[in-house]
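To keep things clear, I will list the structure first and then write my remarks on it.
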Amino acid sequence: MQKIINGAMFKSMIVTAAKLLEINRVQIDALNVFPVPDGDTGTNMSLTFQSAVKELLNCQSNNLPVLADAVAKGALRGARGNSGVILSQVLRGFCNEVAGAPNGEIDSKAFAQGLMKGAEIAYGAVSKPKEGTMLTVARMVAEHASSIYRKHKDFETFLPEIISKGNEAVDLTPTLLPVLQKAGVVDAGGKGLMCLYEGMYKALMGESVSGDVAMPDARSGETVMEHADIMSHGKIEFAYCTEFFIVNLNKKTTLADIEKLRETLMTLGDCVIVVGDLEFVKVHVHTNQPGVALTYALELGELDKLKIENMLEQNRALMKKYEEEKKPMGMLAISAGDGLTSIFKDLMVDGVIEGGQSMNPSANDIANAVQRINAENVFVFPNNKNIILAAEQAKSLVEGRVIHVIPTKNIPQGFAAALAFNPDMAVEENKSNMIHAIDSVTTGQITYAVRNTKIDGFDLKVGDIIGLDNKKILATGKDIGEVAIDLIARMRSNEEIITLYYGKEIKEEEAEELSAEISERYPDCDVQIMPGGQPIYYYYIALE
């Protein structure tokens, strides 16, 4: 019977759990309550956990505290979406607790204490925790584990007990959260969490899980920033960029001597390049001992076109210029679609990174983008309710910047917030104006149903067109234009401007036809169309 988990087993359990979660990712995505094509709970949890695995696999030892710290930090940096952020907090609490286990080994008591600490920290990370979610599952599992660890000291019986309780908690979620009951699904986050626990148990029992852990790719978002590389250089370890050619090589010099020079230079610095043959060799190295590097090279032949540059002085000059150009305030927006990105740039937003429905950037993605903006204070527009928590978490990952998250839930709100920015006003005044601007715009979206369900009084079928505001579905039908008109009619009060941002699946002529029809219905309104290029959503609609 196995009564302890050492570092090696811990690593195996984490990797296997990641594989099982990835295998079930699509099914977990399908549990999304809203029948729109942005059900990405499984994807966000999987990418978050894979980030933890990436850090774990970089560890050179099986020391439990080191491994636990890697998992906690990796999950924090890779957290995506609300579900990913909550998962990262569960892992943070668990890993911080088990890292202190006596002798670097986890027994059932330490495991239970880790689960409890994870649940506590996760609850604390959510401003208004709701029961019937992943939080409930984490808490119920932790409470049950705490009540049975004395009776079940071996993990072969301990883990099945808490997994059974966890599955009961998942089945209970629809009774605690009415929206789940209406949709006829259990909580996706809770289901994902149980996949992880079940994966851990499989590893403990020696069961293999087929499949690979696909490491998350870096986000390809573009950030406008003239000196983007300066902040990423870090401390310069080797000060002198040394370049030269070796010519007229000695007759006794061999190819093995050239290779030996390369190996020697690698002990003196980094960025080593030694290429050529017995007639001509090009050398490049960053080192604190350029004289020593030249001395070794002279053993092979004559030196030509010698250049030694002081990178410390260059860096000081760049940093001085960088600091002189630093602004008091900057803006960062999350957006998907070339048209929407162009609009944000026209509104003088300093940086735009790719993200939105079904492709939430991680907390680390947001933190890196903020770090590249040369401003003391950076206003972040998540433009999606599922990214707000990751943006908040990014605050702990940046240095030399203060992040102010403006809780924009969609693109039109992001535009309104950016328009409210005034560089001549103080930070808090701008923040207040931006938040107020969010309330001044009424927003809607047109998309399609990805599954059959009954919600908000509608009996939806796969492929039905859906019109929704920030809270619920207001209009459905088979025709995109008709649903858009119906949605506007249900949202509009006395607004004078109607703006349609059309997605990549809508042709400009179709948007123009819809605009003309809306103008005819509301002759007192100024109706505008803008190419957004966004995926998934046929239209974003703004009423002002």
Side-chain angles (χ1 to χ4, degrees), residues 32-38 179 182-183 336-337 339-340 343 356-357 383-385 408-417 419 436-544:
N32 187 49
V33 173
F34 242 36
V36 295
D38 62 352
V179 67
K182 287 183 180 179
L340 302 178
I343 295 172
Q357 305 295 60
N383 300 329
N384 185 297
K385 63 182 180 181
T408 53
K409 296 180 179 179
N410 51 59
I411 293 294
Q413 287 186 348
F415 292 152
L419 279 167
H436 180 72
I438 294 175
D439 298 328
S440 69
V441 57
T442 301
T443 60
Q445 300 115 30
I446 307 296
T447 185
Y448 56 93
V450 294
R451 60 182 174 83
N452 301 333
T453 188
K454 292 182 179 180
I455 189 170
D456 295 333
F458 295 99
D459 188 359
L460 296 177
K461 304 298 181 185
V462 173
D464 283 354
I465 307 301
I466 302 171
L468 58 155
D469 62 6
N470 287 326
K471 297 180 179 179
K472 61 181 181 178
I473 297 172
L474 297 179
T476 66
K478 300 297 183 183
D479 182 81
I480 296 172
E482 291 178 359
V483 172
I485 290 172
D486 189 11
L487 177 63
I488 291 171
R490 294 176 183 275
M491 293 193 305
R492 184 175 180 271
S493 53
N494 57 354
E495 293 87 355
E496 298 177 350
I497 301 173
I498 301 175
T499 306
L500 306 174
Y501 303 94
Y502 58 91
K504 67 178 183 179
E505 296 184 22
I506 299 295
K507 297 179 180 178
E508 183 178 0
E509 308 85 73
E510 295 173 322
E512 289 175 346
E513 290 177 6
L514 179 58
S515 173
E517 188 170 349
I518 294 172
S519 295
E520 186 176 342
R521 287 173 177 262
Y522 305 104
D524 295 333
C525 285
D526 180 14
V527 182
Q528 307 171 357
I529 61 169
M530 302 287 287
Q534 70 271 12
I536 298 178
Y537 284 83
Y538 300 118
Y539 288 100
Y540 289 133
I541 302 173
L543 281 67
E544 302 172 78

- prompt: With sequence neighbours left out, which residue pairs that include part of residues 489-509 fulfil the ring-ring contact (aromatic ring centres under 6.0 Å, His included) condition?
  reply: Phe415-Tyr501
statement: Hits for salt bridge (charged side-chain N to carboxylate O under 4.0 Å, His left out) against Arg490, two or more places apart or cross-chain, chain-then-number order -> Asp486
- line: On a heavy-atom basis, the closest approach of Ile446 and Gly467 is CD1-CA, 3.8 Å
- line: Rounded to the nearest 0.5 Å, the CD1 atom of Ile466 sits from the CD atom of Gln445 at a distance of 11.0 Å
message: If you define the side chain from C-beta out and look only at heavy atoms, does anything of Thr442 sit under 4.5 Å from Glu495?
response: yes
query: Quick check: does any side chain N or O of Asp469 sit under 3.5 Å from a backbone N or O of Gly444, one acting as donor and the other as acceptor?
result: no
query: Taking it one step at a time, do Ile518 and Ile488 satisfy side chain to side chain contact (heavy atoms under 4.5 Å, CB included)?
result: CA-CA 9 Å; Ile518 294 172; Ile488 291 171; 3.5 Å; yes
task: State, to 0.1 Å, how close Val441 and Ala542 come at their nearest heavy-atom pair, and which atoms those are.
output: CG2-CB, 3.9 Å
- request: Carefully, step by step, assess Gln413 and Thr443 under the rule side chain to side chain contact (heavy atoms under 4.5 Å, CB included).
  value: CA-CA 8 Å; Gln413 287 186 348; Thr443 60; 4.2 Å; yes
field: Separation between CD1 of Ile498 and CD1 of Ile529, rounded to the nearest 0.5 Å
entry: 13.5 Å
query: What's the verdict on side chain to side chain donor-acceptor pair (under 3.5 Å) for Asn470 and Asn410, showing C-alpha distance, side-chain angles and the deciding distance?
result: CA-CA 8 Å; Asn470 287 326; Asn410 51 59; 2.7 Å; yes
- prompt: Are the side chains of Thr476 and Val483 in touch, meaning some heavy atoms are under 4.5 Å apart?
  reply: no
- request: Please round to the nearest 0.5 Å and tell me the distance separating atom CG of Leu487 and atom OH of Tyr539.
  value: 12.5 Å
- prompt: Between Leu543 and Met491, is any pair of side-chain heavy atoms under 4.5 Å apart?
  reply: yes
statement: Of all heavy-atom pairs linking Ala437 and Ala416, the shortest is CB-O, 3.6 Å
query: Step by step, would you call Asn452 with Asp459 a side chain to side chain contact (heavy atoms under 4.5 Å, CB included)?
result: CA-CA 8 Å; Asn452 301 333; Asp459 188 359; over 6 Å; no
query: Ile485 versus Leu514: any side-chain heavy-atom pair under 4.5 Å?
result: yes
task: For the residue pair Met530 and Thr499, establish whether any side-chain heavy-atom pair is separated by less than 4.5 Å.
output: yes
field: Listed once per pair and sorted, the side-chain hydrogen bond (donor to acceptor under 3.5 Å, both in side chains) pairs that draw on residues 504-530, sequence neighbours left out
entry: Asp526-Gln528
task: Provide the closest heavy-atom pair for Ile541 versus Pro412 in the form atom of the first, atom of the second, distance.
output: O-CG, 4.2 Å
message: Donor-acceptor pair, distance only, cut-off 3.5 Å: does the side chain of Asp456 make one with the backbone of Phe458?
response: no
query: Would you say the side chain of Ile438 lies within less than 4.5 Å of the side chain of Thr408, judging by non-hydrogen atoms?
result: yes
Heavy-atom closest contact (Asp479 atom, Glu482 atom, distance): OD2-N, 2.8 Å
query: Heavy-atom distance under 4.5 Å between the side chains of Asp464 and Tyr448, does that happen here?
result: no
- request: Please tell me if the side chains of Tyr540 and Gln534 come closer than 4.5 Å, counting only heavy atoms from C-beta onward.
  value: yes
field: Thr447 (side chain) donor-acceptor with Tyr537 (main chain) under 3.5 angstrom
entry: no
